[in-house]
Amino acid sequence: MCTTISAKYPIAGSAKGPAGWFSLDHVYVAYDHPFHVDEEHAVGIDFVREQAGTGHRVAVELTIDDARDLAHRILATLEEAEAFETS
Amino acid sequence: MPTTDQYQGMIAETVAVPTATADAIYAYYARPTGPGPFPGIVLFHHRPGWDEWYHEITRRFAHHGYATICPDLFFRFGHGDPDDVAAKARAEGGVPDDMVVEDGRACLDFLRGQPTSTGHVAVMGTCSGGRHAYLAACNLDVDACIDCWGGRVIHGPDDTDEITPIAPIDMTADLSAPLLGLFGEDDRNPSPDQVAQHEEVLRRHGKEYEFHMYPDAGHGFFYYDKPSNYRAEQSNDGWAKIWDFLARTIG
């Protein structure tokens with residue numbers, strides 16, 4: 001099924017693709033048919049620089065469980081980072 | 001299909017087809033060689049994009065004697081690797097229905113305008129392409145329609161927006177051609193209930209159709225490049241039904 005679960009958000013930062021590092025302007029987050037991972041649906045996270053064209057994209061596809069685990073790990077890292085920054 | 005002692009040939013290449021928006025849409029066009037005439041097929045690609053699978057089945061239809069064109073419906077989102085373009089299209093909510101219909105019209109006109117055309121053209125798609133094929137068949141003059149597991153023919157509560165303003169099911173009265181539908185019993189969009197609702201609407205409007213619901217198959221059971229989706233037996237049967245349907249409707 002096509003889920004239509006998809007959104008894009010502005011973001012700042014950098015990503016590294018096959019051609020090297022590039023600055024980001026958006027991130028896409030979706031749950032829909034994946035392009036590579038062998039699942040009917042997957043969480044797709046695309047780090048992109050839209051201003052530079054469709055090729056400036058670093059893509060990740062994860063199962064729901066792995067995406068949730070990653071989200072928790074990111075939040076845990078953020079807590080440590082914020083503690084470090086305020087110490 | 002030619003016999004083993006008959007010549008077989010095909011031309012398959014990218015062509016540029018003028019569209020209603022004045023852009024030229026790139027399309028992969030595969031046709032048998034020779035004067036024909038040949039019936040035609042417009043293929044609407046699926047949500048993962050104008051990808052290798054769709055280029056392969058374009059050639060498959062040409063191998064079976066059909067002049068087949070598959071437009072890049074996502075070209076207005078940019079050019080690049082097909083999945084990079086499809087990811088952008090996904091993030092933007094997909095291609096508007098009215099644009100799909102007009103791009104379909106442009107490709108229909110292209111096929112019918114060829115000196116090798118019989119004038120008979122079918123539309124076909126899988127996944128969102130199945131929905132788009134049904135949309136095309138309700139809005140354009142086509143001779144046959146093949147809808148493979150097209151989801152959102154019936155809209156859910158959040159499916160109606162500026163990109164998809166009208167549920168295709170609500171256009172059924174204007175369906176202009178015989179319809180073949182192939183679906184998997186384990187699919188959730190469309191679910192077996194939604195397929196049954198679709199059938200009821202077709203019957204109510206007195207439309208010519210045949211639907212086939214495959215057990216032990218879900219969404220995308222033709223996709224031999226996706227082991228989790230692919231179901232060989234069901235796919236082989238589905239393709240046999242496609243060839244039979246096309247022979248009866250467009251020759």
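Sequence lines set the chain letters: A, B, ... in the order given, protein chains first and strands last, and positions in each chain run from 1. Note: hydrogens, waters and symmetry copies are ignored here, and every other heavy atom, side chains too, is used.
Minimum heavy-atom separation, A:A30 to B:R90: CB-NE, 3.5 Å. Nearest approach of B:A91 to A:S6, heavy atoms of both residues: CA-OG, 3.5 Å. In plain terms, the two heavy atoms of A:F35 and B:P48 that are nearest each other are CE2-O, 3.3 Å.
For a residue to count as touching a neighbouring chain, one of its non-hydrogen atoms must lie under 4.5 Å from one of that chain's; by this rule B:F77 touches chain A with the backbone only. Heavy atoms of A:H36 lying under 4.5 Å from chain B belong exclusively to its backbone. Only the backbone of B:H79 comes within contact range of chain A, with heavy atoms under 4.5 Å apart. Only the side chain of B:R152 comes within contact range of chain A, with heavy atoms under 4.5 Å apart.
Ion pair A:D32/B:R47 flagged as a salt bridge, since at least one NZ, NE, NH1 or NH2 atom sits closer than 4.0 Å to an Asp/Glu carboxylate oxygen. In summary, A:R57 and B:D81 do not engage in a salt bridge, as defined by a charged side-chain N under 4.0 Å from a carboxylate O.
Annotation for A:R68: atom CZ does not count as buried by contact number, only 12 or fewer foreign heavy atoms lying within 6.0 Å. In this structure, B:Y26 places its OH atom where only 12 or fewer heavy-atom neighbours from other residues, nucleotides or ligands lie under 6.0 Å away. Counting heavy atoms of neighbouring residues, nucleotides and ligands inside a 6.0 Å radius, atom CZ of B:R203 exceeds 12 of them. Within 6.0 Å of atom CD in B:E233, 12 or fewer heavy atoms from other residues, nucleotides or ligands are found, so the atom counts as exposed in its surroundings.
Contacts of A:H26 classified as ring pair (Phe, Tyr, Trp, His ring centres under 6.0 Å), with partners at least two apart in sequence or in another chain: none.
Here A:H33 and B:H219 bring their ring centres to under 6.0 angstrom of each other.
No donor-acceptor pair under 3.5 Å is formed between the side chain of B:K88 and the backbone N or O of A:V48. Distance alone, capped at 3.5 Å, is enough to place a donor-acceptor pair between the A:D38 side chain and the B:S228 backbone. Proximity of a side-chain donor or acceptor of A:T54 to a complementary backbone N or O of B:G78 within less than 3.5 Å is not detected.
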Side-chain donor-acceptor contacts of residues 169-178 of chain B below 3.5 Å, not counting sequence neighbours, with atom names and distances?
from: B:T172; atom 1: OG1; to: B:Y134; atom 2: OH; distance (Å): 2.7
from: B:T172; atom 1: OG1; to: B:I169; atom 2: O; distance (Å): 2.7
from: B:S176; atom 1: OG; to: B:A137; atom 2: O; distance (Å): 3.0
from: B:S176; atom 1: OG; to: B:L140; atom 2: O; distance (Å): 3.0

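Among B:D225, B:D84, B:D159, B:V85, the residue making the largest number of heavy-atom pairs under 4.5 Å with chain A is B:D84.
Of the inter-residue distances, the one linking A:E39 atom CD with B:N229 atom CG reads 9.5 Å to the nearest 0.5 angstrom. Here the straight-line distance linking atom CG of B:N189 with atom NE2 of A:H41 works out to 8.0 Å at 0.5 Å rounding.
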